[in-house]
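Inspection log for the structure reproduced underneath, given as structure tokens.
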Amino acid sequence: MTGTARNRQVLTINTGSSSLKAVLYAARDRPELVLRAQARRIGDSAGYLRITGTENETLFERDLASADHAAAFEATLDWLTQEGLAATFAAIGHRVVHGGARYREPLPITPKLTEALRALAPLNPDHLPQALCGIEAIERRFPALPQVACFDTAFHRDMPPCAQMYALPRRFYDEGIRHLGFHGLSYESIVTALRDQAPALADGRLIVAHLGNGASVAAIHRGRSIDTSMGYTPAAGLIMSMRCGDIDPGVLIDLAQRHGMDAQAINHLINREAGLLGVSGRSADMRDLLEAEATDPHAAEAVEMFCYRLRQYIGAYAATLGGLDALIFTGGIGEHAAPVRERACAGLGFLGIEIDSERNDTAESVISSDHSRVSVHVIATDENRMIARHTLELVNGGRHVRLQH
């Protein structure tokens, strides 16, 4: 990478089904935040774009009523260009949720890679088409600018074969139908943060619970993924805001045969109508359900099921790891919902997990009691900084080193 310090900046892009997050970093050994752009409720009449600085001060805000992702990208890039910031870009890093079984590390984006991602898009319709939209928007504006794909599945590609295989005829595994796992950039971010905060634990036996609209758990040993709850798609594992998580395949067969639902209808049901929203019949937002649970039994049941499933996975992964050194909560729910953390750990004293209620209520970085054999942490994830780091490594010509090793 060449140029003055001013034009050594990297933009990271992270898209969701109705959101766009773009973060600009100064290119340092440890990327430094310059600003954040967030488009929310894309496609909705209440959609908007907000750009904030390092102190979360508003730099720009505008209405994006009924805009699609392409319009949200154009609005963001327009402002960055008008402010002279687009001229500072050295590279763009994209979070690509689904890399399939093939992609194991960040890669430069090429026409060949873009076509391969299009082929994977049906497996992740809430993220991959939006990511491709961002890649195309950048290519139109800045055709000579390097773009890098950072795959959310890459962190899990070295899981043991027994954790990657489904008990199906082997030909399906050979075709790439396997337990892939997601949220890898978040887990990598947590391992990196733990190396700074508690280096003695970083190579130990960890369970990390990434709890947000999408939720998953990972068993990690010596910085390497051993198992994780999401599977071939992000729909498996924990109960989520609108995803059902683990479900008997026979239920899906019944929905097709007895209810006449086709693949598209089933996909919409298990990804957009289920989870906390489906059980509560009220909201997909954990904050709403915690506020309502005292008077709404369905809201209470949704919260109970969420914590129950999470507790099951913690117990299972402690067995997978042969013991546990640290439990870490991250993500919007993991970082901010003290009742969920407390209930998820309730009854796990036999594993050595003991929560200090006061520390938990104030979300201290360590919320376990002084007597707990397992340390329990709350650590903010920073997927975007991880993307920036990987992007800079790649465009600077350095050999990419996967942090779990």
Side-chain angles (χ1 to χ4, degrees), residues 182-183 186 207-219 227-231 234-252 254-255 269-320 324 327-363 367-369 372 374 376-378:
F182 297 86
H183 287 145
S186 177
I207 293 176
V208 183
H210 176 112
L211 310 177
N213 286 329
S216 68
V217 186
D227 205 344
T228 191
S229 57
M230 284 179 170
L238 300 177
I239 292 169
M240 303 173 225
S241 293
M242 293 184 287
R243 296 177 185 143
C244 64
D246 291 338
I247 189 168
D248 180 349
V251 172
L252 307 184
D254 185 68
L255 292 174
L269 173 69
I270 65 176
N271 282 294
R272 307 297 296 176
E273 299 179 50
L276 295 176
L277 176 63
V279 174
S280 71
R282 181 188 188 103
S283 175
D285 194 313
M286 179 61 76
R287 291 168 296 188
D288 296 340
L289 301 179
L290 288 170
E291 289 176 2
E293 64 176 338
T295 56
D296 183 342
H298 291 167
E301 195 166 42
V303 175
E304 182 183 6
M305 288 176 65
F306 183 93
C307 296
Y308 173 74
R309 185 75 60 81
L310 175 56
R311 196 161 53 245
Q312 281 185 314
Y313 266 98
I314 293 171
Y317 284 171
T320 297
L324 186 60
L327 170 64
I328 301 161
F329 291 96
T330 193
I333 297 172
E335 294 167 33
H336 302 295
V340 170
R341 294 192 298 263
E342 184 170 6
R343 295 178 205 180
C345 294
L348 297 182
F350 71 98
L351 292 177
I353 296 173
E354 185 178 327
I355 295 291
D356 182 295
S357 294
E358 185 175 343
R359 292 173 183 172
N360 184 47
D361 289 342
T362 55
I367 61 172
S368 46
S369 73
S372 182
V374 173
V376 185
H377 304 248
V378 179

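Residue numbers run from 1 in the order of the sequence given.
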Report yes or no: does Ser229 contribute a side-chain atom to a donor-acceptor pair with the main-chain N or O of Val217 at less than 3.5 Å?
yes
Which atom of Ile207 lies closest to which atom of Ala318, heavy atoms considered:
CD1-N, 3.6 Å
Interatomic distance, Arg282 atom CZ to Leu277 atom CG [nearest 0.5 angstrom]:
12.0 Å
Please identify each residue that fulfils side-chain hydrogen bond (donor to acceptor under 3.5 Å, both in side chains) with Glu342, with sequence neighbours left out.
none
Is the side chain of Arg243 donor-acceptor paired with the backbone N or O of Ala236 at a distance under 3.5 Å, no angle test?
no
Polar side-chain atom of Ser372 near backbone of Gly352 as donor-acceptor pair, under 3.5 Å:
yes
Please report the closest heavy-atom contact between Tyr313 and Leu238, naming both atoms and the distance.
CD1-CD2, 3.6 Å
Within-4.5 Å side-chain heavy-atom neighbours: Arg309 and Asp246
yes
Considering non-hydrogen atoms only, spot the tightest contact between His298 and Ser280 and give its length.
CB-O, 3.5 Å
In Å and rounded to the nearest 0.5 Å, what is the CD to CD1 distance from Glu354 to Ile367?
12.0 Å
Is it the case that atom CD in Glu304 sees more than 12 heavy atoms from other parts of the structure closer than 6.0 Å?
no
Atom pair CG (Leu290) and NE2 (His336), whose distance is rounded to the nearest 0.5 Å
13.5 Å
Could you tell me which non-hydrogen atom of Gly212 sits nearest to which non-hydrogen atom of Ile333, and how far apart they are?
O-CD1, 3.7 Å
Shortest non-hydrogen contact between Arg343 and Glu293, atoms and distance:
NH2-OE2, 2.7 Å
In Å, rounded to the nearest 0.5 Å, how long is the span from CZ of Phe329 to NE2 of His210?
13.5 Å
For a quick test of reading the model, state the closest non-hydrogen atom pair linking Ser241 to Ala284 and the distance between them.
OG-O, 3.1 Å
Approximate separation, where rounding is to 0.5 Å, of Leu289 CG and Phe306 CZ:
10.0 Å
Can you name the residues that form a side chain to side chain contact (heavy atoms under 4.5 Å, CB included) with Cys244, not counting sequence neighbours?
Ile247, Ile270, Ala274
